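Remember, it's a predicted structure, so these values are computed and weren't measured experimentally.
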Amino acid sequence: KREPKLTEKKMVTIKGEVRFPGTYPVIEGERLSDLIARAGGYTQDAFLPGTVFTRKSIKEVQEKMRQKFLVREQRALMEEQQAMLLRAGSSANADSIGQSVQAMMEIMNMISGADIEGRMVIALLPLEQLRHTKYDISLEDGDSVTIPESPSAVTIIGSVNNPTSVPFEIGKGMDYYVRKTGGLTKHADKSGIYV
């Protein structure tokens with residue numbers, strides 16, 4: 001008799017700043033720290049806070065949620081359109097309703113065409129600190145880890161006087177980089193700034 005736990009192959013991918021990037025088979029119970037150790041650990045250029053972890057099963061759930069949302073919103077939009085048409089007396093109102101519905105349909109098309117990654121938020125730590133934490137997750141078939149290179153520049157865009165890229169400096173905060181662009185414009189939303 002076949003034992004699925006022994007015969008089933010699970011493959012995970014690790015890319016970027018590890019010594020031996022590639023696709024690795026994993027066994028039941030193997031964790032993220034085990035994968036990183038098998039890949040030779042991080043290189044000295046690894047930027048751990050920028051790590052992207054994706055999971056195939058999460059992508060499938062996110063896709064199902066998107067489809068349910070689209071069906072629900074399309075149904076609501078059709079009901080709203082019918083109700084508005086019944087209330088609209090003139091053709092000018094009907095044209096206005098048509099434009100509103102068209103705008104909503106464009107938004108729905110944009111949502112349906114958006115790429116879903118199956119991204120899962122983790123905090124990657126140095127290997128010794130990662131073990132036995134909540135982020136040392138068990139691996140599943142199709143998982144992918146991408147560890148980027150440390151950034152050499154910070155790009156500042158939006159409502160600043162001179163949108164630009166500035167060389168990255170360890171220990172410098174957001175205010176330092178905003179000042180390097182000449183500061184915020186008078187229309188900038190200070191509470192809406194994000195990194």
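- Nearest heavy-atom pair across P163 and G158 is CG-O, 4.2 Å.
- With sequence neighbours left out, the side-chain hydrogen bond (donor to acceptor under 3.5 Å, both in side chains) criterion links D175 to no other residue.
- Judged by a 6.0 Å distance limit and a 45° cone about the ring axis, K172 is positioned over the six-membered ring of Y176.
- Ion pairing between a basic and an acidic side chain is recognised when a charged N comes within 4.0 Å of a carboxylate O; R131 and D34 show such pairing.
- Summarising the geometry, atom OG1 belonging to T146 is positioned 10.5 Å from atom CZ belonging to F53; distances are rounded to the nearest 0.5 Å.
- No side-chain heavy atom of T185 sits less than 4.5 Å from a side-chain heavy atom of V160.
- Criterion: ILVMFWY side-chain heavy atoms under 4.5 Å apart, direct or through other members. Under it, F47 and I14 are not part of a common hydrophobic cluster.
- Cluster annotation: F168 is not connected to I157 through the hydrophobic network of ILVMFWY side chains, with a link wherever side-chain heavy atoms come within less than 4.5 Å.
- A salt bridge links D141 with K56: at least one charged nitrogen is closer than 4.0 Å to a carboxylate oxygen.
- Taken from OG1 in T155 to OH in Y177, the straight-line distance is 11.0 Å, to the nearest 0.5 Å.
- Atom-to-atom distance recorded for T54:OG1 and I58:CD1 is 9.0 Å, nearest 0.5 angstrom.
- Within the 4.5 Å cutoff, no side-chain heavy atoms of R119 are placed close to those of Q62.
- For the residue pair I147 and A46, the shortest heavy atom distance occurs at CG2-CB, 3.9 Å.
- Donor-acceptor pairing under 3.5 Å is lacking for the side chains of D45 and T43.
- L127 has its side chain within reach of S33: a pair of non-hydrogen atoms, C-beta onward, lies under 4.5 Å apart.
- With hydrophobic clusters built from ILVMFWY side chains whose heavy atoms lie under 4.5 angstrom apart, F20 shares a cluster with V145.
- Contact record, I122 with Y135: CA-CD2, 3.7 Å, taken as the closest heavy-atom pair.
- Around the CE atom of M11, the shell of radius 6.0 Å holds more than 12 heavy atoms that belong to other residues, nucleotides or ligands.
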Would you check, one step at a time, whether the test side-chain contact (heavy atoms from CB on, under 4.5 Å) holds for I156 with K180?
CA-CA 9 Å; I156 305 96; K180 288 289 188 181; 5.7 Å; no
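- Under the 3.5 Å distance criterion, the side-chain polar atoms of N162 are left unmatched by any main-chain donor or acceptor of T181.
- Remark: E30 engages R38 in a salt bridge, criterion side-chain N to carboxylate O under 4.0 Å.
- Between the NZ atom in K68 and the CZ atom in R66 there is a gap of 14.5 Å [rounded to 0.5 Å].
- Proximity of I36 to L124: side-chain heavy atoms (C-beta onward) are separated by under 4.5 Å at one or more points.
- S138 and R31 share a donor-acceptor pair across their side chains, judged by distance under 3.5 Å alone.
- Between the CZ atom of R179 and the CG atom of L184 there is a distance of 11.0 Å, given to the nearest 0.5 Å.
- Atoms CD and CZ, from E60 and R55 in turn, are 11.5 Å apart once rounded to the nearest 0.5 Å.
- A donor-acceptor contact shorter than 3.5 Å is absent between the side chain of D136 and the backbone of T133.
- The cluster map of Ile, Leu, Val, Met, Phe, Trp and Tyr, joined by side-chain heavy atoms under 4.5 Å apart, puts L48 and V52 in different clusters.
- Hydrophobic clustering (ILVMFWY, side-chain heavy atoms < 4.5 Å, transitive): V166 and I193 are in one cluster.
- Across every non-hydrogen atom of G16 and P21, the tightest pair is O-CG, 4.1 Å.
- Residues R19 and Y42 form no side-chain contact, since every pair of their non-hydrogen atoms from C-beta on lies 4.5 Å or further apart.
- Judged by distance alone, the side chains of S144 and T13 never bring a donor and an acceptor atom under 3.5 Å apart.
- By the 4.5 Å heavy-atom criterion applied to side chains, K10 and I27 are not counted as neighbours.
- Under the 4.0 Å criterion applied to side-chain N and carboxylate O atoms, E117 and K59 are not assigned as salt-bridge partners.
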